[in-house]
Amino acid sequence: MDKNTIIGFILIGLLLFGYSWMTRPTQEQIEQQKALQHYNDSVWQAENTRLQTAQETGLEAELSDLSSDTLPAIDPDSLHQLQLKETYGVFSRFAEKGNEKITLQNEYITLTLDNKGGVIEKAVLNDYKTYDSLPLVLFEGSENNYGFIFKAGGRIVYTSDLYFQPIKSDDGQSVAMRLDFENGKFFEIAYTLAPESYMVKMDIRQKGMDKILPLNTTNLDMYWEQLMRRQEKGRMFEERNSALYYKFAGSDVDHLSESKDEQENISVGIKWFGYKNQFFSTALIADNKFNGGSVKSVVKHNDTYLKQFRTETSVDYSPAADTVSGFKLFLGPNLYPLLHSYDKKAASNEKLDLDRLVPLGYKFFRWINTGFIIPLFTFLGKFIGNYGIIILLMTIIIKIILAPLTFKSYMSTARMRVLKPQLEEINAKYPGQEKAMERQRATMDLYSKAGINPMSGCLPMLLQMPILLAMFAFFPSSIELRQQPFLWADDLSSYDAIFTWSAYIPLITPYFGNHISLFCLLMTITNILYTKINMDNNAGQQQMPGMKTMMYLMPLMFLFIFNNYASGLSYYYFVSLLITIIQTYAFRKCINEEKVLAKLKENQKKPRKKSGFMARLEEAQRRQEAALRQQRKNRK
């Protein structure tokens with residue numbers, strides 16, 4: 001056999017293997033074939049039994065009517081029962097019953113339970129409305145689907161397919177959904193709703209399940225899927241603030257992406273899974289822990305739903321035990337004081353950290369919100385009903401606290417401004433790019449003799465940045481502002497459009513939106529005015545080329561960034577900038593710049609020890625000048 005023949009046989013073999021691989025049945029087809037085989041076996045068994053009965057009872061007439069190629073008529077009910085038995089096994093008795101709805105209600109929430117699946121079928125928050133003034137329904141019907149998975153007799157049975165028997169307590173605060181087997185064996189899911197609570201207790205109770213399920217069963221598998229409804233006017237911003245959260249047992253909280261589809265497999269213990277909207281959440285909390293699992297988030301591109309979340313997990317389980325580790329189900333608002341209250345008196349390793357469902361910025365800024373802003377905001381809310389006034393008062397208080405830093409920053413600017421004539425002399429003495437290093441060294445020498453640190457004006461501003469960033473996270477997350485009107489804004493938690501359009505504009509609609517927010521526009525105009533005042537105050541200081549243009553472009557960039565944000569945030573920045581402008585003019589009136597200049601000239605006459613910063617800066621300049629001289633020498 002020559003080489004070409006061998007190669008030919010190898011290619012034929014590869015083709016046959018590839019054909020077999022490509023035409024192999026899928027797992028779904030295999031399951032369908034098995035189901036069909038079970039069905040045919042059931043039909044054959046039923047017909048065979050009927051024929052034997054007919055022969056034994058001497059029904060020759062019935063047998064004589066059977067043709068060789070036609071089976072006798074099948075009893076539909078018997079066949080249906082055989083099919084249920086084949087599909088559900090010992091759970092077949094629960095596969096068919098009538099639907100029954102049970103209501104649990106307190107002051108805060110109204111729950112509707114469905115005996116099919118034994119689940120909470122609908123959840124309504126009594127004190128809240130949607131953006132279009134409808135009752136706020138977290139989910140209803142197939143939008144929220146969860147349950148347990150039984151594995152027995154080679155079958156997989158989902159509790160969502162079974163009909164439970166509802167047993168309501170005398171006080172009306174709890175309902176037990178029960179699968180009642182014979183001889184006292186049962187499996188039930190008990191729901192308890194306490195007064196004035198958003199937390200539902202969910203307990204698993206059972207008896208004799210070791211006679212139903214394999215004794216070697218160690219885990220009870222669970223699944224939970226939910227379509228998250230849109231509840232707010234600004235879909236774009238609401239979508240950005242919706243995500244699937246989960247807390248590692250005894251550790252930190254994490255979440256999937258807010259902006260794209262994402263899936264994560266988790267191999268360690270989880271304390272809770274949470275489906276978070278901008279202002280409302282549903283969280284499933286284990287009494288002990290979940291055994292890891294998988295989580296998935298899919299963005300929905302329609303007007304009704306924002307995301308689709310799915311969780312697959314399990315809990316430790318023994319069929320012989322009478323009680324199973326239970327759960328709590330939080331159905332309520334993302335109100336920081338409420339969520340934080342669940343951790344009162346809890347040990348550090350036992351805290352739920354549900355307040356992490358409220359995004360208040362990174363750890364470095366979050367403590368400002370939790371330790372100062374929220375307590376102040378809550379305190380003012382006890383006495384004042386208008387949140388626009390509360391924001392105004394809170395802004396004034398913050399500006400008063402920051403006033404010493406603002407004054408120090410202005411003083412630094414004033415000192416550098418009064419040195420403008422001397423700076424102009426230095427610029428005239430060392431003109432051109434070739435003498436830039438000499439000009440810079442002379443400028444720094446002037447600052448050093450006058451006792452001015454060029455960075456002293458930046459430091460107070462940097463110290464104020466954490467508060468600005470903390471407020472940036474606080475306002476869009478504050479449910480207290482939801483649907484609260486102020487002036488022309490009908491909802492301080494959303495944008496305040498004064499002009500809208502319906503046409504889709506590329507690059508504009510996806511990012512800017514189809515509207516213009518008035519508070520955002522006022523903030524932009526005020527920011528431009530403040531930038532001009534600031535540039536005038538800094539006149540005479542050396543600036544990088546194009547810096548002035550960049551300074552004026554920044555407010556315009558903020559217009560695009562904040563147009564879809566909460567109007568309460570734009571209102572806060574607008575008021576804050578106005579107060580800063582007023583402070584600037586007040587400082588200018590109070591500070592005598594002639595006295596400041598006289599003091600600086602007096603400092604120039606005194607021998608002055610250089611600060612460590614200035615010494616390092618001058619040393620760096622000398623090294624840079626030496627390097628430039630060497631480069632020029634090399635070029636020559």
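Since this is a predicted model, take the numbers as computed values, not measurements. All residue numbers in this chain count up from 1 along the given sequence.
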Name all residues meeting the salt bridge (Lys or Arg N to Asp or Glu O under 4.0 Å) criterion together with [X]; count only those two or more places apart in sequence or in a different chain, and write none if there are none.
X    : result
K151 : D221
E188 : R178, R205
E182 : R93, K185
K328 : D287

Legend entry - Matching residue for F187 among Y317, F150, F91 - test: ring pair (Phe, Tyr, Trp, His ring centres under 6.0 Å):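 Of all the options given, the one that passes is F150.
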Inset, instruction - Using the side chain to side chain donor-acceptor pair (under 3.5 Å) rule, collect all pairs that involve residues 266-275, keeping only residues at least two apart or in two chains. - result: Y275-T311
Output all residues satisfying side chain to side chain contact (heavy atoms under 4.5 Å, CB included) with [X], sequence neighbours left out; order by chain, then residue number.
X    : value
E121 : K101, T112, D114, E140
E262 : L256, S257, E264
S477 : V358, P359, L360
A249 : K289

What pairs of donor and acceptor atoms, side-chain ones from residues 209-220 against any protein atom, are under 3.5 angstrom apart with sequence neighbours left out?
{"residue": "T217", "atom": "OG1", "partner": "P214", "partner atom": "O", "Å": "2.8"}
{"residue": "N219", "atom": "OD1", "partner": "N291", "partner atom": "ND2", "Å": "3.3"}

Inset, instruction - Determine which pairs satisfy salt bridge (Lys or Arg N to Asp or Glu O under 4.0 Å) with at least one residue from residues 378-387, sequence neighbours left out, and list them in order. - result: none
N/O donor to acceptor pairs below 3.5 angstrom from side-chain atoms of residues 160-167, sequence neighbours left out:
{"residue": "S160", "atom": "OG", "partner": "Y223", "partner atom": "OH", "Å": "2.6"}

